[in-house]
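In what follows, a structure is listed as C-alpha cells, so that the remarks can point back to it.
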Amino acid sequence: MTHESIHHSAHEHDDHDHHEETFFSKYVFSQDHKMISKQFLVTAVVMGVIAMMMSVFFRLQLGWPGEKFMILEFFLGEKWAKDGILAPDMYLALVTIHGTIMVFFVLTGGLSGTFSNLLIPLQIGARDMASGFLNMLSYWFFFISSIVMISSLFIETGPASGGWTVYPPLSALPQAMPGSGLGMTLWLASMSLFIVSSLLGGLNYIVTIVNLRTKGMSMTKLPLTIWAFLVTAILGVLSFPVLFSAALLLIFDRSFGTSFYLSDIYIAGQALENTGGSPILYEHLFWFLGHPEVYIVLLPALGLTSEIISTNSRKPIFGYRAMIGSLLAIGFLSFIVWGHHMFVTGMSPFLGSIFVFTTLLIAIPSAVKVFNYITTLWKGNIVFTPAMLFSIGLVSSFISGGLTGLILADSALDINVHDTYFVVAHFHIVMGLSAIFGMFAGVYHWFPKMFGKMLNKKLGFAHFWLTFVSAYGVFFPMHFLGLAGVPRRYYTNSAFPMFDQLIGINELVSVFAIIGAIAQGIFLYNFFYSMFRGQRAPQNPWRSNTLEWTTPVEHIHGNWPGAIPVVHRWPYDYSKPDAVEDFIPQNVPLKEGETEGH
C-alpha cells in the first residue's frame, strides 16, 4: 500500500466515524475485526466449557465404572444416565463430541478466529480486514455450525458416536448404531458450515496480510504471530476442502445409495448391496486434512508464544529468520505425513517407510522452534506474568509430547500402541495442551487490548499452576495405560481381568481431570469479572514493541485516530544497547548510525 493510499484510507475512515452504530451493527452483525475476535473468543469459551463437562462425565465412568453419580442423570437425563450410570451409547457420543468440539470449535475456530482477527490488522497497521463483510460471515457460519453441533445432543437417538474422525462404515450406515442416524447427519452438516467459515476467514487473513501492510512493514519486519497466522491460513485453505469432499462423499453414501466407502458389509447376518468402495479412501481424505489440522491448531499458539516469550524475557527473539523458516517447513511437511495415521491399515511396508521418514523430518523444524524459545529465555530478564507461565508451559508440553511422537512416527513401534491410551496421551499433550496453553497465554496477554481491562494476576497464577499440574496428572499416566495395551474409547476395562491392576491409574486420571475442570472455574470467574469490573488497562501494559499497543485503549473504528503508523524496525528490539528504555516500538525511527536488530 502506498503512502497516498494510506492517507486515502484514513480519510475514508474519518467519514465512517460519523455513522451512527446501532446495537445490532456494533455487537451482533459487526464488521469490526476487534468485535469479531471477541465473538469468536466468547463462543469458544462456551464450547470449551461444554466439551470439558463432557470429559468429566466420561472420566467418571472410566475411573469408577458402574458407580452411581446423580450429576450425570441431572445433566444427561434418565435415558442416557439412569440412576446416575452413564449409558454405553452416550459414553461413545460424549467422547466423539468432546473431541470434535475441542479440535474444531475451540482450538481451530476459537484460537485462530480470535487472535487472527484481533492481531492481523493491528499488528500490520491496517484499518481492518480486507473484507469486513466476509469476516462477519465467517463468524456467523462458525456460530451456526456450533449451534447445529450442540443441537445434536438433544435428539432422541443421541449425537454422532463414531469417534471424532467419524470413520465409515459406522458413519456411513444410518442403521449401524443409534449415533449413526440423525446425530451423524447433524455432525456432517455442522462440519460443512464450519469449513465454509474457515475458508472465508482464511482467505481474508491471507489477502489482508499480503495487501494491507502499512508503510515499512516488510515481510521481514512482521511479528512472528503474523507469520504463524499466515502459514496457518494457507494450510486451512489448502486442506479443509479435502475434508469437505470427504464429508460430501459420506453424505452420498448415507443418503443416495453410493458406495464410495462401503463394500461387503453385513448387518445382523444380512449382506448389504454396497460393493466396490473402501473405508480406507475416507481415511486418506480425512488425514490429508487431519495432519495439517494438528499444525492449524498448533502454529497460532506457537506464534503467540514467540511474541510473549520475547516480550517477557526482555530480549530479542533468538533466530528470527530461523523461526520463520521453521514455520514454513512445518507447514510444508505437514502435507506429506498423513500416512503415519494409517500404519495398521495394510499399507505397503515400503510406503510406510516413506511416511516414517517424512514424519521424522518434521521433528527438525519443531526442534528449531524449541531451541530458539529456550535460547530466548536463557539469561533473559524474565517477567513472570500468567501469560509468560502459560507460554513456558507450552514449551514444556511441546517437548514432552513431541518426544512420544517419535515413537508413533516409527511404524515398527507405532503398531504396538496403535489405538491405545498412549496415542491419546501423545496427542493431548503435544496438540491439545500446547494449543490450549498458547490460547490461555494469548488471552492473558491481549485481554487488555480486547477489553480495556486487566485480568487479576493472582487468580491467573492459581489458574496456571492448577491447570499445569492437573494436565500432566491426567495425560502422563495415560502413557502407561497405553504401554500396557489398554485400548482407547472402551466404555469400561473392568471386563478384562488383565487390566484390573490398572484401575487405580484410571481413578487417578479422573481425579486430576476433576481438579483441572475446577481450575477452569477460576479462569471463567476472572475472565467475566475482569471484563466488567477489572482494573483499567494502560495503553501498553507489557511495554511491548508491536503496533497494536500504539492504538487507544478505547476501541475506535479504524484502529488509529489519525494516520496509520509507519514501521521503521523489526518487532523485537528489546534491551538494545544505548537505548533509553528496554523496548523500542516498531514505529520509532532508527537513530543515525543505528542498525537493525536482525
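All values below come from the heavy atoms of this structure, side chains included, with hydrogens, waters and symmetry mates left out. Count residues from 1 along the sequence.
- A donor-acceptor contact closer than 3.5 angstrom is absent between the side chains of Ser112 and Thr232.
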Hey, mind stepping through Ser397 and Ser434 against side-chain hydrogen bond (donor to acceptor under 3.5 Å, both in side chains) and telling me if it holds?
CA-CA 6 Å; Ser397 59; Ser434 298; 2.8 Å; yes

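- Between Pro168 and Leu250, the shortest heavy-atom contact is CB-CD1, 4.3 Å.
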Kindly indicate, with the supporting measurements, whether the criterion ring-ring contact (aromatic ring centres under 6.0 Å, His included) is fulfilled by Phe115 and Phe229.
CA-CA 9 Å; Phe115 292 104; Phe229 297 148; 7.5 Å; no

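- Taken from OG1 in Thr157 to CE in Met184, the straight-line distance is 11.0 Å, to the nearest 0.5 Å.
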Give the C-alpha distance, both sets of side-chain angles, the deciding distance and a yes or no for ring-ring contact (aromatic ring centres under 6.0 Å, His included) between Phe194 and Phe141.
CA-CA 6 Å; Phe194 178 85; Phe141 272 103; over 10 Å; no

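- Salt-bridge check for Asp419 with Arg488: passed, with a basic side-chain N closer than 4.0 Å to an acidic carboxylate O.
- No hydrogens or angles considered: a donor-acceptor pair under 3.5 Å links the side chains of Tyr139 and Thr43.
- Distance NZ/Lys369 to CG/Leu394: 10.5 Å, rounded to 0.5 Å.
- Heavy-atom neighbours of Gln175 CD from other residues, nucleotides or ligands within 6.0 Å: above the threshold of 12.
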Test side-chain contact (heavy atoms from CB on, under 4.5 Å) applied to Asn506 and Asn493, step by step
CA-CA 10 Å; Asn506 253 331; Asn493 299 309; 3.7 Å; yes

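- A donor-acceptor pair under 3.5 Å is formed between the side chain of Gln520 and the backbone N or O of Gly516.
- Of the possible donor and acceptor atoms, none in the side chain of Ser263 sits under 3.5 Å from a partner among the backbone N and O of Ser278.
- The 12-atom threshold is exceeded at NZ of Lys79, counting heavy atoms of other residues, nucleotides or ligands nearer than 6.0 Å.
- The shortest side-chain heavy-atom distance between Val486 and Thr420 does not fall under the 4.5 Å cut-off.
- Atom-to-atom distance recorded for Met478:CE and Ile429:CD1 is 9.0 Å, nearest 0.5 angstrom.
- The closest donor-acceptor contact from the side chain of Asp253 to the backbone of Tyr261 lies under 3.5 Å.
- Between Leu408 and Leu413, every side-chain heavy-atom pair lies at or beyond the 4.5 Å cut-off.
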Under the ring-ring contact (aromatic ring centres under 6.0 Å, His included) rule, what do Phe355 and Trp338 come out as? Steps first, then yes or no, please.
CA-CA 8 Å; Phe355 280 114; Trp338 81 90; 5.1 Å; yes

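- The minimum heavy-atom distance linking Leu199 with Val237 is given by the pair CD2-CA, 3.8 Å.
- Residue-environment remark: OH (Tyr167) exceeds the threshold of 12 foreign heavy atoms within 6.0 Å.
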Determine whether Phe58 and Tyr491 satisfy the following criterion, ring-ring contact (aromatic ring centres under 6.0 Å, His included), listing intermediate values before the conclusion.
CA-CA 9 Å; Phe58 65 70; Tyr491 173 66; over 10 Å; no

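- Residues Gly163 and Thr96 share a closest heavy-atom pair of N-OG1, 2.8 Å.
- Here the side chain of Thr114 pairs no donor or acceptor atom with the backbone of Leu111 at under 3.5 angstrom.
- In this structure, Leu281 places its CG atom where more than 12 heavy-atom neighbours from other residues, nucleotides or ligands lie under 6.0 Å away.
- Counted within 6.0 Å of CZ on Phe332, heavy atoms from surrounding residues, nucleotides or ligands total 12 or fewer; the atom is thus considered open.
- Considering CG of Leu41 and CE of Met439, their distance stands at 5.5 Å, rounded to 0.5 Å.
- Although no hydrogens or angles enter the test, the distance criterion places a donor-acceptor pair under 3.5 Å between the side chain of Asn416 and the main chain of Ala412.
- Under the 30°/60° scheme for interplanar angles, the aromatic rings of Phe390 and His463 are found to be tilted.
- Side-chain atoms of Ser116 do not come within 3.5 Å of backbone N or O of Gly113 as any donor-acceptor pair.
- Contact of the Ser470 side chain with the Val511 side chain is not registered, since no non-hydrogen atoms from C-beta on lie closer than 4.5 Å.
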Please report the C-alpha distance between Phe142 and Ser198 in whole Å, then the side-chain angles of each, then the deciding distance to 0.1 Å, and finally whether the side-chain contact (heavy atoms from CB on, under 4.5 Å) criterion is met.
CA-CA 8 Å; Phe142 174 72; Ser198 294; over 6 Å; no

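- Inspection of the Trp187 and Thr100 side chains reveals an N or O donor paired with an N or O acceptor under 3.5 Å.
- By the 6.0 Å contact criterion, CZ on Phe143 is open, its count of non-hydrogen atoms from other residues, nucleotides or ligands being 12 or less.
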Would you check, one step at a time, whether the test side-chain contact (heavy atoms from CB on, under 4.5 Å) holds for Phe57 with Phe69?
CA-CA 9 Å; Phe57 292 164; Phe69 295 96; over 6 Å; no

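- Ile155 and Gly183 make their closest contact through CD1-N, 3.3 Å (heavy atoms, listed as atom of the first residue, atom of the second, distance).
- Closest heavy-atom contact between Phe464 and Gly393: CE1-CA, 4.4 Å.
- Shown here is Glu273, whose CD atom has no more than 12 heavy atoms of other residues, nucleotides or ligands within 6.0 Å.
- A donor-acceptor contact shorter than 3.5 Å is absent between the side chain of Ser161 and the backbone of Ala93.
- In terms of modelled atom types and a separation under 3.5 Å, the side chain of Thr108 and the main chain of Phe105 share no donor-acceptor contact.
- In this structure, Phe523 and Phe440 have perpendicular ring planes: the angle between them is above 60°, well past the 30° mark.
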Taking it one step at a time, do Asn117 and Ser37 satisfy side-chain hydrogen bond (donor to acceptor under 3.5 Å, both in side chains)?
CA-CA 5 Å; Asn117 266 302; Ser37 81; over 6 Å; no

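- At a cut-off of 3.5 Å, with distance as the only test, no side-chain donor of Ser334 or His291 sits close to an acceptor on the other residue.
- When atom types are taken as modelled, the side chain of Glu73 and the backbone of Asp83 share a donor-acceptor pair closer than 3.5 angstrom.
- Not a single donor-acceptor pair under 3.5 Å links the side chain of Tyr421 to the backbone N or O of Gly485.
- Counting all heavy atoms, side chain and backbone alike, Gly460 lies closest to Asn526 at N-ND2, 3.9 Å.
- Aromatic ring pairs are classed by plane angle as parallel below 30°, tilted from 30° to 60° and perpendicular above 60°; the pair Trp465 and Phe468 is perpendicular.
- Ser239 and Glu293 are not linked by any side-chain donor-acceptor pair at a separation below 3.5 angstrom, with hydrogens and angles left out of the test.
- Considering CG of Leu235 and CG of Leu289, their distance stands at 10.5 Å, rounded to 0.5 Å.
- If you check the side chains of Ser396 and Tyr472, you find a donor sitting under 3.5 Å from an acceptor.
- Once rounded to the nearest 0.5 Å, the distance linking OG of Ser55 with CD1 of Ile97 reads 13.5 Å.
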Pair Leu60, Leu72 - check side-chain contact (heavy atoms from CB on, under 4.5 Å), show working.
CA-CA 9 Å; Leu60 288 175; Leu72 295 177; 4.1 Å; yes

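- The 12-atom threshold is not exceeded at CZ of Phe476, counting heavy atoms of other residues, nucleotides or ligands nearer than 6.0 Å.
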